[in-house]
Amino acid sequence: MQQDLLAAVVARYGLPEGDPEPMIDGGDECLLWRLNSVVIRVSPPWRSVRELAWTHQAAAFLAESVPEAICPLTADDATTVFSWQGRPVSVWPFVAGVPLERDVAAQRTQAAGLLARLHRAGLGHTNNAQPHTRLETASLLPDPALDAWLADWRRRDELQGLVHGISTAATSCVATDSLSV
């Protein structure tokens, strides 16, 4: 980890200094370091601070009714994410866990139950206007009829919940004591 990043994190979050340890070597998207009892997450440059701030707000909403939902720490300036060298950075509490064993039915059932509780809790979220800054859906798979149907569905006054897709999912902010999902 670069010293200027460490200094920025320590100053913004009022954390004690230490030697950060890399986590998840070769991760698919983020760079992660554990610093004492927190995890420093450096997202890729194509993510935006605005996009991640929205997911952090969604995670906070979910945490109100789902105790396993983990939220990022709030910095001294009341934000949960900042930009460092063009990359969004957030700091999270470290939660010990073990990887999901997909072949163990009880763990799959537990994970499915957690996901169901998150989706039920998300039905009450009123700001479903998740910002998409990486790619617009139409550029991925052009389908004017589907785009029109989706726009109409979003306009209807029906109960809608949090939805994850191209942008960072609020459900990525979840862990349990014995199972990381």
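Any value given below was found using the heavy atoms of this structure, including those in side chains, with hydrogens, waters and symmetry copies removed.
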Q: To the nearest 0.5 Å, tell me how far C71 SG sits from E64 CD.
A: 9.0 Å
Q: Under the salt bridge (Lys or Arg N to Asp or Glu O under 4.0 Å) test, which residues partner D19, sequence neighbours left out?
A: none
Q: As an exercise, state the distance from OG1 of T80 to OH of Y13, rounded to the nearest 0.5 Å.
A: 6.5 Å
Q: Side-chain contact, heavy-atom cut-off 4.5 Å: V91 with L15?
A: yes
Q: After noting the C-alpha distance and the side-chain angles of L31 and W33, does the key distance pass the side-chain contact (heavy atoms from CB on, under 4.5 Å) rule?
A: CA-CA 7 Å; L31 302 173; W33 291 272; 3.7 Å; yes
Q: Please report the closest heavy-atom contact between P93 and L73, naming both atoms and the distance.
A: CD-CD2, 4.1 Å
Q: Between R41 (side chain only) and S90 (backbone N and O only), is there a donor and an acceptor less than 3.5 Å apart?
A: no
Q: Would you please test F94 and V39 for side-chain contact (heavy atoms from CB on, under 4.5 Å) and show each step?
A: CA-CA 6 Å; F94 174 78; V39 174; 3.8 Å; yes
Q: To the nearest 0.5 angstrom, please state how far the CD atom of E68 sits from the CG atom of L62.
A: 11.0 Å
Q: Checking the side chain of Q107 only, and the main-chain atoms of E101 only, is there a donor and an acceptor separated by less than 3.5 Å?
A: yes
Q: Quick one: side-chain contact (heavy atoms from CB on, under 4.5 Å) partners of T79, sequence neighbours excluded?
A: R12, A75, D77
Q: List the atom of L100, the atom of A111, and the distance in Å for their closest heavy-atom pair.
A: CD1-CB, 4.4 Å
Q: For E29 versus R87, what's the shortest heavy-atom pair and its separation?
A: O-NH2, 4.3 Å
Q: Closest heavy-atom contact between S65 and A121?
A: OG-CB, 3.3 Å
Q: Heavy atoms, side chains only, cut-off 4.5 Å: are L32 and P22 in contact?
A: no
Q: What's the shortest heavy-atom distance between A59 and A69, and which atoms?
A: O-CB, 4.2 Å
Q: Does a side-chain heavy-atom distance below 4.5 Å link S43 with L52?
A: yes
Q: L114 vs V66, test: side-chain contact (heavy atoms from CB on, under 4.5 Å). Steps then yes/no.
A: CA-CA 8 Å; L114 174 58; V66 181; 3.9 Å; yes
Q: Between H56 and W92, what is the ring plane arrangement, given parallel below 30°, perpendicular above 60°, and tilted in between?
A: perpendicular
Q: Less than 4.5 Å apart, any side-chain heavy atom of V89 and any of I40?
A: yes
Q: Would you mind writing out the side-chain donor-acceptor pairs for residues 1-11 within the sub-3.5 Å range, not counting sequence neighbours?
A:
{"from": "Q2", "atom 1": "OE1", "to": "Q85", "atom 2": "NE2", "distance (Å)": "3.4"}
{"from": "D4", "atom 1": "OD2", "to": "W84", "atom 2": "NE1", "distance (Å)": "3.3"}

Q: Hey, are the side chains of C30 and P44 touching, using non-hydrogen atoms and a 4.5 Å cut-off?
A: yes
Q: Indicate, with yes or no, if F82 and W54 share a hydrophobic cluster defined by side-chain heavy-atom contacts under 4.5 Å among Ile, Leu, Val, Met, Phe, Trp and Tyr.
A: no
Q: Treating R34 as the side-chain partner and N36 as the backbone partner, does any N or O pair qualify as donor plus acceptor under 3.5 Å?
A: yes
